[in-house]
Amino acid sequence: MTLMDVLVDFARTGRIGPLHCGMPLAEAEDLLGPGRPHPAIVMRGPDIDGYPYSWDGLRLVVTQRQVSGLCIDLFPGSTTKLPPLVLPESETYEATVLREELISALDIAGCLHEVNRGLTFGSQSSILTQPADVCAVFSLPGRHNDVPHLDRHYLGVMHKHTLP
């Protein structure tokens, strides 16, 4: 399994492996192990809503102790990690995904997508997949990103959120 496989599956299904919006945080932690809670959770306690727990490049947003958001964060020009549950047999992976590469993979998989006008502006573009409603946000790299093409859009985050 590759990172692109994980991204396409997430875009098509709205799930990251067995993880899905609506599942109890305790069930997600049983699968992933304890995550790193956002500092607001540490300060105010586990009942504060809308803050993420993270496992390297994976974030789960929590509302009323239920997973209300799934996010995969990428850092173009570097490597990062996802938990083995999400990307087995990989300690790190190349986190550089060109917009055209993801769009092509979605097209090949038959995953419909459209421009997400609410998050497409300036040097940022975004798509929303159908029917899973997964959002992919792309941007031009900054000077700190070690990428081959400074004039092309790279994937920064893919996320899905449900309303509490």
Side-chain angles (χ1 to χ4, degrees), residues 1-76 78-97 99 101-103 105-114 116 118-119 124-139 154-164:
M1 177 176 278
T2 67
L3 174 62
M4 189 62 76
D5 295 330
V6 171
L7 297 174
V8 169
D9 190 52
F10 181 29
R12 290 178 57 237
T13 66
R15 299 172 70 100
I16 300 174
L19 305 171
H20 59 90
C21 290
M23 74 186 304
L25 173 62
E27 185 180 328
E29 287 190 306
D30 285 347
L31 294 168
L32 295 164
R36 287 186 323 269
H38 187 276
I41 296 169
V42 174
M43 287 177 48
R44 305 223 25 222
D47 289 325
I48 187 168
D49 290 341
Y51 290 93
Y53 284 73
S54 61
W55 291 260
D56 298 313
L58 172 70
R59 283 184 295 126
L60 303 181
V61 179
V62 178
T63 304
Q64 298 174 359
R65 297 190 187 212
Q66 302 277 322
V67 174
S68 58
L70 303 169
C71 304
I72 295 176
D73 294 312
L74 299 178
F75 305 97
S78 67
T79 59
T80 192
K81 291 173 57 173
L82 283 174
L85 175 76
V86 176
L87 190 57
E89 300 176 21
S90 175
E91 290 194 22
T92 63
Y93 59 90
E94 176 64 35
T96 305
V97 177
R99 182 180 191 278
E101 291 172 347
L102 181 61
I103 296 291
L106 294 176
D107 290 343
I108 290 168
C111 180
L112 300 175
H113 51 87
E114 58 190 28
N116 182 350
L119 292 177
Q124 175 177 298
S125 67
S126 177
I127 61 169
L128 192 59
T129 66
Q130 299 301 323
D133 288 328
V134 173
C135 178
V137 181
F138 308 90
S139 61
Y154 291 88
L155 181 62
V157 64
M158 278 185 79
H159 60 87
K160 176 180 178 74
H161 295 278
T162 59
L163 297 175

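Below, each value reflects all heavy atoms present in this structure, side chains not excepted, and no hydrogens, waters or symmetry copies. Throughout, numbering of the chain's residues begins at 1 and tracks the sequence.
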To the nearest 0.5 angstrom, please state how far the CD1 atom of Ile127 sits from the SG atom of Cys111. 7.5 Å
side-chain contact (heavy atoms from CB on, under 4.5 Å) against Pro18, all qualifying residues, sequence neighbours excluded: Leu31, Leu85
Under a 3.5 Å threshold, yes or no: a donor from one side chain and an acceptor from the other, between Thr92 and Thr79? no
Leu82 side chain reached by Asp56 side chain, heavy atoms, under 4.5 Å: no
When you measure from the side chain of Ser126 to the backbone of Asn116, do you find a donor-acceptor pair of N or O atoms at a distance under 3.5 Å? no
Of all heavy-atom pairs linking Ser125 and Arg99, the shortest is OG-NE, 3.2 Å
Rounded to the nearest 0.5 Å, what separates atom CD in Gln66 from atom CG in Leu25? 9.0 Å
Closest non-hydrogen atom pair between Val8 and Ala105, with its separation: CG2-CB, 3.6 Å
What are the two closest heavy atoms between Leu155 and Pro76, and how far apart are they? O-CG, 3.6 Å
Are the side chains of Val157 and Arg59 in touch, meaning some heavy atoms are under 4.5 Å apart? yes
Nearest non-hydrogen partners of Val134 and Gly14, listed with the distance: CG2-CA, 3.7 Å
Heavy-atom pair of closest approach, residues Val62 and Arg65: CG1-CA, 3.5 Å
For the atom pair SG (Cys71) and CD1 (Ile16), what is the distance rounded to the nearest 0.5 Å? 7.5 Å
Calculate, to the nearest 0.5 Å, the distance between atoms SG and CE belonging to Cys135 and Met158 respectively. 8.5 Å
Check whether any side-chain heavy atom of Val67 lies under 4.5 Å from a side-chain heavy atom of Leu19, and answer yes or no. no
Given side chains that start at C-beta, do those of Arg12 and Thr129 come closer than 4.5 Å, heavy atoms only? no
Pairwise side-chain contact, Trp55 with Glu29, heavy-atom cut-off 4.5 Å (strictly under): yes
Is there a side-chain contact between Tyr93 and Leu74 in this structure, where contact means two heavy atoms from C-beta onward sitting under 4.5 Å apart? yes
Over all heavy atoms of both residues, which pair between Val61 and His161 is shortest? Give the atoms and the distance, please. CG2-CE1, 3.7 Å
Separation between CG of Leu58 and NZ of Lys81, rounded to the nearest 0.5 Å: 12.5 Å
Quick one, Val137 with His159, criterion side-chain contact (heavy atoms from CB on, under 4.5 Å). Give me CA distance, side-chain angles, the key distance, then yes/no. CA-CA 9 Å; Val137 181; His159 60 87; 4.1 Å; yes
Between Leu102 and Phe138, is any pair of side-chain heavy atoms under 4.5 Å apart? yes
Run the side-chain contact (heavy atoms from CB on, under 4.5 Å) check on Leu7 and Ile72 step by step: do they pass? CA-CA 8 Å; Leu7 297 174; Ile72 295 176; 4.1 Å; yes
For residues 15-27, which residue pairs qualify under salt bridge (charged side-chain N to carboxylate O under 4.0 Å, His left out), counting only residues two or more places apart or in two chains? none
Heavy-atom side-chain proximity of Glu94 to Leu3 below 4.5 angstrom: no
Separation between CG of Leu60 and OH of Tyr53, rounded to the nearest 0.5 Å: 10.0 Å
